[in-house]
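We name chains A, B, ... by the order of the sequence lines, and we start the count at 1 in each one. Bear in mind the structure is a predicted one, so any value in this text is a computation, not a measurement.
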Amino acid sequence: MSDIRVRFAPSPTGYLHVGGARTALFNWLFARKVGGKFILRIEDTDTERSSEAMVRGILEGMEWLGLNYDEGPFFQSNYAEQHRAAAYQLLESGWAYRDFAPKQERDDATIKQDIAKQKVFNPFRDLPKTESDARAETGEPFVIRFKVPEVGKTQFDDIVFGLQERDYNDIEDLVLLRSDGHPLYNLSVVVDDIEMGITHVVRGQDHINNTHKQVLLYQALGKPLPRFAHLPLILAPDKSKLSKRKHGEIVSVTTYRDAGFIPDAFINFLALVGWAPQEGLAAKDQEIFSREELINIFSLEGIHKSNAVFNFSEGDERNWTDQKALWMNFEYIKTWPLEKLLPLVKPELQKAGLWRDDYETERKAWYEHTITLLRERARTLLDFAGHGRPYFVDDLSFEFEEAAVKKNLQKDPALKTLLPELANRFAALAEFTHDTVEAALRALAEEKGVKAGLLINATRTALTGQSVGPSLFELVLVVGQNRAAERLNHAAELI
RNA sequence: GGCGCGUUGGUGUAACUGGUUAACACGCCGCCCUCUCAAGGCGGAGAGCACGGGUUCGAGUCCCGUACGCGCUACCA
């Protein structure tokens with residue numbers, strides 16, 4: 001056990017996206033590795049942009065990923081009173097001042113132009129305390145700004161980026177409290193981090209500027225600094241920061257859940273962007289890591305400084321997201337212990353109305369065999385109910401792919417009589433095994449002077465409606481004697 | 001504009017404190033296997049480490065400069 005405490009502090013202005021998820025993951029891994037506490041704090045002080053739906057989205061994302069937290073979720077808006085008190089404390093101690101200048105309305109469009117202007121000296125900075133108090137007394141609106149000292153610099157030793165320094169001249173007198181009394185981000189974060197005893201702040205590199213401001217606040221409040229570790233950013237293929245507005249649902253983690261990802265596979269993928277195991281902690285070329293392994297080998301020192309690109313191409317159905325992520329998922333589906341996979345497949349079948357309770361009792365062996373067969377070609381969990389449908393329905397309520405019918409059934413008119421004949425032979429088998437089925441099919445092919453491949457491919461399509469799938473004789477066994485005969489007869493009618 | 005950070009094949013990464021033909025994974029191409037498609041096995045193309053200087057017997061690894069990219073710069077977080 002250690003007294004290390006970290007937090008993940010998303011603002012609910014969007015769903016949990018890939019970048020946020022990785023920040024959460026690294027915090028979580030670190031906490032688990034050192035035996036510390038992982039805290040979830042929702043930074044909802046921006047009431048206009050925050051919404052309950054987004055909070056739910058974040059919570060769902062965390063749950064799906066299995067990033068369990070030891071404390072929270074705390075909602076920052078509940079602590080506004082403390083934040084306000086801190087602002088006034090700073091005002092009293094001379095670290096902050098009232099700014100009576102009227103609010104400047106700025107929108108997103110003009111903001112970047114405005115900020116190009118030089119920092120201007122604020123005339124209210126040196127307003128005598130008595131006058132400031134008097135004006136406040138009359139009810140004149142004001143914001144409370146932090147009074148950044150004139151000479152000196154802030155500094156902190158970042159675990160990832162090393163020593164960071166910033167001249168006071170490059171830091172503006174940030175607003176602590178809005179004119180409506182609303183506390184702002186930098187103040188709230190610092191007060192909460194102090195209150196929660198956060199020892200390590202692990203967050204995106206886009207906060208490095210804020211960190212300098214926060215360092216100032218820690219000092220003014222007379223509190224020791226936590227350690228900071230800033231993470232490199234995850235970029236979109238166009239090299240811009242991932243964002244909900246620009247990149248849409250493709251960057252939301254719930255999209256991956258809904259697309260049939262195994263959470264552990266996604267975690268594995270995420271862990272490897274912007275971080276790599278340190279020398280000697282893992283087999284040199286290992287890529288697949290279980291959660292436990294990741295916890296074991298994780299260290300903040302293995303995080304690197306350069307941004308990474310998360311690849312996806314919209315509109316490309318097969319490669320809709322990062323190909324390595326896709327591959328990773330496939331790899332997990334293929335190789336994960338069956339007992340871990342089964343609980344993830346069950347809800348998919350239930351959703352599709354394909355689940356039967358006897359899959360866990362009398363038909364357990366058949367069911368597991370079927371899943372074992374399907375998993376070799378399933379790229380996502382969705383495939384079990386998708387391509388897998390013909391394996392689970394008793395009737396013919398599955399789709400016959402047009403191309404498959406054309407290619408494998410209508411290719412040779414002789415199949416119209418061959419398939420019913422094959423159905424009869426299958427039905428007549430006393431023992432229905434891989435070998436007897438194969439022998440029956442090959443014997444028929446030989447008698448009729450056709451290639452076994454013709455019958456094999458036609459049978460596959462007859463049984464599943466598809467042109468691709470597992471080895472035929474495995475497939476026939478799983479479909480079973482009755483259903484196989486029935487489907488062969490039915491297929492003959494399609495010719 | 002200012003401040004900061006970064007730069008190894010298409011992508012993600014590796015390369016101990018500078019030392020053989022820059023390694024692995026994904027993706028791509030080919031071959032093998034084969035009843036289809038995958039998987040798997042084998043092999044291949046693809047970076048000379050952003051560029052230019054310097055230090056050194058020797059630099060992707062150290063130093064300087066340049067370019068490019070990204071981030072931040074708000075009474076958002």
How would you label the contact of [X] with the nucleic acid (heavy atoms, under 4.0 Å): base, sugar-phosphate, or nothing?
X: A:Tyr185; value: base
X: A:Pro10; value: nothing
X: A:Asn210; value: base
X: A:Glu287; value: base
X: A:Arg379; value: nothing
X: A:Ser188; value: nothing
X: A:Ser306; value: sugar-phosphate
X: A:Pro141; value: nothing
X: A:Ala101; value: base

Listed pairs, N/O of protein and of nucleotides 59-64 of chain B, under 3.5 Å:
none

Base-pairing mate for [N] - Watson-Crick or G-U, with both contacts under 3.5 Å:
N: B:G12; value: B:C24
N: B:U17; value: none
N: B:C42; value: B:G30
N: B:C70; value: B:G4
N: B:G48; value: none

Of all the nucleotides listed ([options]), which has the minimum atom distance to the side chain of [X]?
X: A:Arg49; options: B:A77, B:U13, B:C70; value: B:A77
X: A:Asp285; options: B:U36, B:C3, B:C24; value: B:C24
X: A:His304; options: B:C26, B:A77, B:U13; value: B:U13
X: A:Phe330; options: B:C35, B:G12, B:A38; value: B:A38
X: A:Asp322; options: B:U11, B:C76, B:A25; value: B:U11
X: A:Asp206; options: B:C70, B:C35, B:C72; value: B:C72
X: A:Ser471; options: B:A38, B:A25, B:U36; value: B:U36
X: A:Asn457; options: B:C75, B:U36, B:G27; value: B:U36
X: A:Leu472; options: B:U11, B:C35, B:A77; value: B:C35
X: A:His207; options: B:U13, B:A77, B:C70; value: B:A77

TODO: Classify the glycosidic conformation of B:G48 as syn or anti, calling it syn when the angle lies within 90° of 0.
DONE: syn
Assess, by modelled atom type and distance only, whether the side chains of [X] and [Y] contain a donor and an acceptor separated by less than 3.5 Å.
X: A:Glu401; Y: A:Gln466; result: no
X: A:Asp44; Y: A:Ser50; result: no
X: A:Asp238; Y: A:Ser240; result: yes
X: A:Ser313; Y: A:Asn319; result: no
X: A:Asn457; Y: A:Arg460; result: yes

Open item on the list: Applying the salt bridge (Lys or Arg N to Asp or Glu O under 4.0 Å) criterion to A:Glu172, which one of A:Arg125, A:Lys213, A:Arg145 satisfies it?
Closed with: A:Lys213
Hey, is the side chain of [X] poking within less than 4.0 Å of OP1 or OP2 on [N], counting only N and O atoms?
X: A:Lys334; N: B:G40; value: yes
X: A:Lys241; N: B:C72; value: yes
X: A:Arg166; N: B:G4; value: no
X: A:Lys305; N: B:G6; value: yes

Task: Reported OG-to-CD distance for the pair A:Ser306 and A:Gln205, which is rounded to 0.5 angstrom - done: 10.0 Å
Open item on the list: Rounding to an integer number of Å, can you tell me how far A:Phe473 CZ sits from B:U34 P?
Closed with: 14 Å
Task: Any N/O donor-acceptor pair, A:Ser467 side-chain to B:C37 base, under 3.5 Å - done: no
TODO: Assess whether one donor atom and one acceptor atom, taken from the side chain of A:Arg460 and the base of B:C35, lie less than 3.5 Å apart.
DONE: yes
Open item on the list: My understanding is that only one of A:Ile288, A:Ile262, A:Leu326 makes a side-chain contact (heavy atoms from CB on, under 4.5 Å) with A:Glu331; could you say which?
Closed with: A:Ile288
Task: RNA chain B: 5'-proximal contact among A:Ala452 and A:Leu177 (nearest heavy atom) - done: A:Ala452
- [ ] Measure from the ring center of A:Trp95 to the ring center of A:Tyr218 and say whether it is less than 6.0 Å.
- [x] no
Open item on the list: Ring centroids only, cut at 6.0 angstrom: are A:Phe473 and A:His434 within range, meaning strictly under it?
Closed with: yes
TODO: Please name the pair of heavy atoms, one in A:Arg22 and one in A:Val273, separated by the smallest distance, quoted to 0.1 Å.
DONE: NH1-O, 2.9 Å
Open item on the list: Under 4.0 Å, heavy atom to any atom of RNA chain B: which of residues 267-275 of chain A qualify?
Closed with: A:Leu272, A:Val273, A:Gly274, A:Trp275
